[in-house]
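Here is the structure we will look at.
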Amino acid sequence: IKIHFYLKGTILAPEVREAKINDLLNKNTHDENCLSSFGVLNANGSKRMHEVNARILDPPVLNYNSSLPNKNGETFVKYGGWNMSNKRFINTVELKKWIIVWKAKLRKDKEEENKEKFNDAARNSFSKCGLLLSQPIILTEPEQSIEDIFKLISVNYPNPQLVVFIIDENDNDYNLIKNEAELKYGMTTQCLKFSKLLEQMRDDRKLDMYMSNVALKINAKIGGVNNT
């Protein structure tokens with residue numbers, strides 16, 4: 001959930017990154033002998049970047065479970081992504097006890113529809129990836145604090161394999177969830193932004209792709225092997 005926020009300032013086009021570095025160097029007022037000792041300056045004292053030879057590596061080939069009839073387990077990565085359509089994980093763990101917590105505030109007239117669509121999409125997409133799952137425990141707790149939700153789970157539904165939280169975007173719930181889950185209760189969690197989920201719900205194909213990506217994260221977290 002927070003990945004985009006953190007990466008926004010670090011993922012830069014090469015020419016933009018180069019310009020920022022050069023700008024910092026040109027503004028630098030430190031002793032150039034100090035810069036030279038760290039290798040920042042070239043041997044001739046120039047601040048021009050070193051040039052080195054580079055090579056482009058072929059993208060990796062991912063191998064998924066090929067046990068499906070007439071299905072090849074090989075998947076080719078293109079531009080950092082790949083198609084999960086009709087791909088099953090190498091090894092999966094059966095989700096026998098898992099919980100979905102609706103922490104996001106839902107429109108009353110759409111609440112049941114949204115929940116039903118999410119549950120159906122999760123079951124369909126997870127099953128296609130090879131994840132076996134029982135019926136989840138559903139909790140709707142938009143007003144409860146994260147601390148109280150974990151207390152409720154630990155008392156009434158102890159030792160779940162997974163807790164999926166569906167949360168609003170503009171709050172601190174994510175940090176609180178990870179703190180409670182990992183430092184206090186030892187629970188495995190997966191957080192989903194409701195706004196992102198709602199956006200995908202408008203298109204069944206996009207929703208299936210989104211839920212397949214969620215399945216990738218969940219299977220790895222609960223001890224499965226996605227691909228080799």
Side-chain angles (χ1 to χ4, degrees), residues 1-6 88-201 207-226:
I1 290 204
K2 297 287 185 180
I3 290 177
H4 178 72
F5 173 79
Y6 290 119
R88 295 174 73 89
F89 301 141
I90 297 291
N91 290 315
T92 59
V93 177
E94 184 177 358
L95 271 174
K96 296 180 180 179
K97 185 177 182 181
W98 64 299
I99 300 169
I100 299 173
V101 180
W102 287 85
K103 185 69 174 68
K105 295 177 176 63
L106 308 181
R107 281 177 46 184
K108 287 297 181 183
D109 59 328
K110 293 286 186 178
E111 181 173 335
E112 292 307 315
E113 178 185 336
N114 289 332
K115 288 180 181 179
E116 184 176 346
K117 189 156 190 175
F118 173 78
N119 291 344
D120 289 344
R123 180 168 296 279
N124 292 336
S125 299
F126 291 4
S127 297
K128 283 194 289 187
C129 293
L131 271 174
L132 301 175
L133 56 158
S134 63
Q135 190 69 19
I137 298 163
I138 309 291
L139 301 178
T140 305
E141 303 290 348
E143 303 302 330
Q144 287 271 33
S145 69
I146 296 300
E147 292 88 345
D148 287 343
I149 291 173
F150 274 100
K151 287 177 185 176
L152 183 151
I153 292 173
S154 65
V155 171
N156 297 320
Y157 314 102
N159 303 316
Q161 291 170 275
L162 175 74
V163 184
V164 177
F165 280 87
I166 300 170
I167 62 178
D168 288 321
E169 185 169 4
N170 298 316
D171 55 33
N172 195 39
D173 281 350
Y174 179 85
N175 293 332
L176 292 172
I177 288 166
K178 293 303 178 182
N179 184 72
E180 293 288 314
E182 296 174 11
L183 301 182
K184 287 188 179 181
Y185 292 95
M187 294 183 190
T188 301
T189 58
Q190 177 65 50
C191 294
L192 305 177
K193 278 195 302 188
F194 179 61
S195 58
K196 180 70 173 178
L197 179 60
L198 193 61
E199 180 184 330
Q200 307 307 310
M201 282 181 176
L207 181 59
D208 182 55
M209 291 175 60
Y210 175 76
M211 294 307 299
S212 294
N213 287 329
V214 172
L216 278 168
K217 298 178 182 179
I218 288 176
N219 190 53
K221 286 182 178 182
I222 62 177
V225 177
N226 294 337

Rounded distance [0.5 Å steps], [atom1] in [X] versus [atom2] in [Y]:
{"X": "Ile218", "Y": "Asn213", "atom1": "CD1", "atom2": "CG", "value": "11.5 Å"}
{"X": "Lys217", "Y": "Thr188", "atom1": "NZ", "atom2": "OG1", "value": "15.0 Å"}
{"X": "Ile146", "Y": "Glu141", "atom1": "CD1", "atom2": "CD", "value": "10.0 Å"}
{"X": "Leu106", "Y": "Asp168", "atom1": "CG", "atom2": "CG", "value": "8.0 Å"}
{"X": "Asn114", "Y": "Asn119", "atom1": "CG", "atom2": "CG", "value": "10.5 Å"}
{"X": "Lys128", "Y": "Asp208", "atom1": "NZ", "atom2": "CG", "value": "3.5 Å"}

- request: Begin with the C-alpha distance, continue with both residues' side-chain angles, and end with the deciding distance and a verdict on side chain to side chain donor-acceptor pair (under 3.5 Å) for Lys184 and Ser154.
  value: CA-CA 11 Å; Lys184 287 188 179 181; Ser154 65; over 6 Å; no
With heavy-atom distances below 4.5 Å as the criterion, would you say the side chains of [X] and [Y] are in contact?
{"X": "Val101", "Y": "Ile177", "value": "no"}
{"X": "Leu139", "Y": "Ile99", "value": "yes"}
{"X": "Ile137", "Y": "Asn156", "value": "no"}
{"X": "Ile149", "Y": "Glu180", "value": "no"}
{"X": "Glu94", "Y": "Gln161", "value": "no"}

Mind listing the closest non-hydrogen atom pair of [X] and [Y] along with its distance?
{"X": "Cys129", "Y": "Thr92", "answer": "O-CG2, 4.3 Å"}
{"X": "Tyr210", "Y": "Lys196", "answer": "CE1-CG, 3.7 Å"}
{"X": "Pro160", "Y": "Val163", "answer": "CG-CG2, 3.8 Å"}
{"X": "Ala104", "Y": "Ile167", "answer": "CB-C, 3.8 Å"}
{"X": "Ala121", "Y": "Met211", "answer": "CB-CG, 4.0 Å"}
{"X": "Trp102", "Y": "Ile138", "answer": "CD1-CG2, 4.0 Å"}

Say whether, by atom type as modelled, one donor and one acceptor occur between the side chain of [X] and the main chain of [Y] under 3.5 angstrom.
{"X": "Lys103", "Y": "Ile166", "result": "no"}
{"X": "Asn219", "Y": "Ala215", "result": "no"}
{"X": "Asn179", "Y": "Asn175", "result": "no"}
{"X": "Lys178", "Y": "Leu183", "result": "no"}

message: Any salt bridge linking Lys115 with Glu111? Criterion: basic side-chain nitrogen under 4.0 Å from a carboxylate oxygen.
response: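 So Lys115 pairs with Glu111 through a salt bridge.
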field: Aromatic contact, Phe194 with Phe118 (centres under 6.0 Å)
entry: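 They do not qualify: ring centres at least 6.0 Å apart.
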field: Criterion ring-ring contact (aromatic ring centres under 6.0 Å, His included) against Phe165, the qualifying member of Phe150, Tyr174, Trp98
entry: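 Between Phe165 and the candidates, ring-ring contact (aromatic ring centres under 6.0 Å, His included) is satisfied uniquely by Phe150.
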Take a 6.0 Å sphere around [atom1] of [X] and say whether it holds more than 12 heavy atoms from other residues, nucleotides or ligands.
{"X": "Met201", "atom1": "CE", "value": "yes"}
{"X": "Lys97", "atom1": "NZ", "value": "yes"}
{"X": "Asp109", "atom1": "CG", "value": "yes"}

query: Can you name the side chain to side chain donor-acceptor pair (under 3.5 Å) partners of Ser134, sequence neighbours left out?
result: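 So Ser134 forms no side chain to side chain donor-acceptor pair (under 3.5 Å) with any residue.
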Side chain to side chain donor-acceptor pair (under 3.5 Å) partners of Gln190, counting only residues at least two apart: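 For Gln190, the residues satisfying side chain to side chain donor-acceptor pair (under 3.5 Å) (neighbours in sequence not counted) are Lys221.
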